[in-house]
2 protein chains.
Amino acid sequence: MVRQREFDEGKALDAAMRVFWEKGFEASSLNDLTFEMGIQRPSLYAAFGDKKQLFETALRKYTQLHASDIRSKLQKGKTVKESFRFLLVGIVEEEYAIGPSKGCFCINTMVELAPHDEKFEILTREHQMYLATIFQEKIEQGVHSGELAGDTNIKALAQGLVITLIGLTVMMKARPERSFADNAIQMALTMIK
Amino acid sequence: MVRQREFDEGKALDAAMRVFWEKGFEASSLNDLTFEMGIQRPSLYAAFGDKKQLFETALRKYTQLHASDIRSKLQKGKTVKESFRFLLVGIVEEEYAIGPSKGCFCINTMVELAPHDEKFEILTREHQMYLATIFQEKIEQGVHSGELAGDTNIKALAQGLVITLIGLTVMMKARPERSFADNAIQMALTMIK
DNA sequence: AGTATATTATACTAATCAGTATAAATTAAA
DNA sequence: TTTAATTTATACTGATTAGTATAATATACT
């Protein structure tokens with residue numbers, strides 16, 4: 001055995017993730033990918049398979065990072081309600097920050113590929129359901145601590161908040177006035193009581 | 001002057017709208033378009049300009065149809081709350097009906113093009129804002145009739161419901177269990193009181 | 001009927017696409 | 001140092017892309 005791989009597979013995958021995240025599957029060319037990944041075409045195929053396999057690998061990495069990101073962001077509030085407020089406001093502020101927003105790679109994929117490719121329908125659905133369970137755990141904390149009403153429909157509330165998160169993320173791509181996002185968040189938080 | 005156009009421009013545009021709606025901008029080829037529109041390539045360019053201009057024309061037509069569709073669907077309930085329930089449940093049921101769902105052409109465009117093309121950022125934002133004003137009018141009816149609380153933040157509620165509509169529409173592309181959608185709708189409707 | 005004009009259909013362009021064959025370069029083991 | 005194995009880089013493939021030039025066709029007006 002000889003000649004170790006010259007490039008860092010993890011970093012190359014991160015670069016591919018960013019390209020697909022920003023441009024989507026169709027609009028990302030192999031030239032875009034190899035350029036950003038800093039590797040040649042045959043190296044890409046040897047390490048990651050074809051374009052769609054690379055996309056899937058990149059998306060799977062994204063969903064893992066995204067889930068843990070959501071998890072940690074939900075720890076930032078003193079109360080459950082405040083935690084969700086921080087999470088949603090954070091989405092909005094990221095989008096108004098410098099540069100064009102990429103939104104959420106998983107949501108982008110739900111729109112572009114899920115309707116035409118069952119594999120991505122399943123992968124994206126399962127990620128959203130996983131986010132719902134993360135939300136659910138947080139809400140349970142609030143119910144047990146007495147912050148939230150004992151008759152709270154925990155699962156329904158979690159799923160409702162996932163829909164809010166998706167809707168807000170997509171709406172931000174059209175860069176609405178700040179008040180639009182703030183109002184929507186304010187109303188969504190009234191679901192928590 | 002001579003030789004009238006052989007094809008119906010309106011029907012050709014409808015066909016183009018369906019293609020772009022289903023596949024998005026990048027994944028729709030001129031062969032797809034001319035085939036579905038039933039016209040030849042030069043006829044398309046003569047009548048609608050290039051691919052992007054055709055896309056924009058198709059999207060503008062869609063937003064008009066969509067707005068009036070939403071308007072009429074909001075008339076179906078006895079109360080304001082019931083009207084919004086019907087609207088949201090209708091979205092869900094359309095997606096579970098036969099065939100793969102296309103979702104909303106405008107939302108698809110928000111995800112695919114708005115972040116990279118200011119024209120579509122504006123066009124899609126304005127459509128969502130227009131939907132919010134339609135919602136607002138409906139909510140005002142409820143406040144005036146006494147169905148809804150007098151201190152209802154009408155604009156915020158309307159914008160919150162737009163976010164719910166977007167989130168639900170996108171989530172349906174991943175075909176979640178029916179209960180997911182139903183729960184989310186149930187929670188969203190608690191914003192109306 | 002003849003002519004001018006607009007719309008068709010065919011066929012082409014140059015560029016780009018995803019994917020691969022080939023060969024040079026590199027390195028660990030013998 | 002030689003050999004074998006693996007990854008590089010270059011260059012190519014055939015297909016497809018958006019867009020257009022050309023020529024045939026059809027029609028309203030003179």
Side-chain angles (χ1 to χ4, degrees), chain A residues 1-60 105 108-109 112-113 116-120, chain B residues 1-60 105 108-109 112-113 116-120:
Chain A
M1 331 274 146
V2 284
R3 188 163 186 189
Q4 308 230 342
R5 216 158 242 170
E6 287 181 6
F7 64 92
D8 180 329
E9 243 177 82
K11 289 189 177 178
L13 184 56
D14 284 343
M17 185 178 78
R18 287 194 303 273
V19 173
F20 283 131
W21 186 355
E22 185 181 328
K23 301 185 150 192
F25 179 77
E26 287 290 341
S28 297
S29 73
L30 278 169
N31 281 345
D32 293 331
L33 290 164
T34 53
F35 179 80
E36 293 295 331
M37 296 167 83
I39 64 176
Q40 301 303 321
R41 217 170 261 235
S43 303
L44 187 157
Y45 280 86
F48 302 105
D50 70 12
K51 189 184 173 191
K52 205 142 217 174
Q53 289 175 286
L54 173 60
F55 184 91
E56 183 183 345
T57 305
L59 179 57
R60 287 189 187 278
F105 186 12
N108 297 351
T109 304
E112 185 184 7
L113 300 185
H116 312 100
D117 191 324
E118 195 182 3
K119 174 176 278 174
F120 292 103
Chain B
M1 332 273 146
V2 283
R3 187 164 186 189
Q4 309 233 342
R5 218 158 241 171
E6 286 179 7
F7 65 92
D8 181 329
E9 245 178 79
K11 289 188 178 177
L13 184 56
D14 284 343
M17 185 179 78
R18 287 195 302 273
V19 172
F20 282 131
W21 186 355
E22 185 182 327
K23 302 185 150 193
F25 179 77
E26 286 290 341
S28 297
S29 73
L30 278 169
N31 280 346
D32 293 332
L33 290 163
T34 53
F35 179 79
E36 293 295 331
M37 297 166 84
I39 65 177
Q40 301 302 322
R41 217 170 260 236
S43 303
L44 187 157
Y45 279 87
F48 301 105
D50 69 12
K51 189 184 172 189
K52 204 141 216 175
Q53 289 176 287
L54 173 60
F55 184 92
E56 183 183 345
T57 305
L59 179 57
R60 287 189 187 278
F105 186 12
N108 297 351
T109 304
E112 186 184 8
L113 299 184
H116 312 100
D117 190 326
E118 196 182 2
K119 174 176 279 174
F120 293 103

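A, B, ... follow the sequence lines: proteins, then strands. Residue 1 opens every chain.
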A:Y45 vs A:Q40, side chain to side chain contact (heavy atoms under 4.5 Å, CB included): CA-CA, chis, key distance, verdict: CA-CA 9 Å; A:Y45 280 86; A:Q40 301 303 321; over 6 Å; no
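- When the side-chain nitrogen and oxygen atoms of A:S29 are compared with OP1 and OP2 of C:dC17, one or more of them lie within a distance under 4.0 Å.
- Atom C1' of nucleotide D:dT16 and atom NZ of B:K23 are separated by 13 Å, given to the nearest angstrom.
- Neither OP1 nor OP2 of C:dT16 sits under 4.0 Å from any side-chain N or O of A:N31.
- Ranked by how close their nearest DNA chain C nucleotide is to the 5' end, A:P42 and A:L30 are led by A:L30.
- As judged by a 4.0 angstrom heavy-atom cut-off over every strand, A:S28 is placed among residues touching the sugar-phosphate backbone only.
- Counting only distance, with no hydrogens or angles, the side chain of A:E112 and the backbone of A:T109 share no donor-acceptor pair below 3.5 Å.
- In this structure, A:F48 has its ring center at least 6.0 angstrom away from the ring center of A:F55.
- The phosphate of D:dT7 has neither OP1 nor OP2 within less than 4.0 Å of any side-chain N or O from A:S43.
- Regarding A:E9, its CD atom lies at a distance of 14 Å from the C1' atom of D:dT6, rounded to whole Å.
- In this entry the distance linking CG of A:L44 with C1' of C:dA18 reads 11 Å, nearest Å.
- Nearest to the side-chain atoms of B:D50 among the listed nucleotides D:dT20, C:dG19, D:dG19 stands D:dG19.
- Remark: P of C:dA18 and CD of B:E26 are 11 Å apart, rounded to the nearest angstrom.
- If you take CD of A:Q40 and C1' of C:dT20, they are 14 Å apart, rounded to a whole angstrom.
- By the side-chain hydrogen bond (donor to acceptor under 3.5 Å, both in side chains) test, A:K119 pairs with A:E56, sequence neighbours left out.
- Distance B:K51 NZ to D:dA18 P: 4 Å, rounded to the nearest Å.
- The separation between B:F35 atom CZ and D:dA18 atom P is 16 Å, rounded to whole Å.
- Nucleotide C:dT22 holds its P atom 18 Å from the CZ atom of A:R41, rounded to whole Å.
- A:F25 CZ to A:D117 CG: the interatomic distance, rounded to the nearest 0.5 Å, is 9.0 Å.
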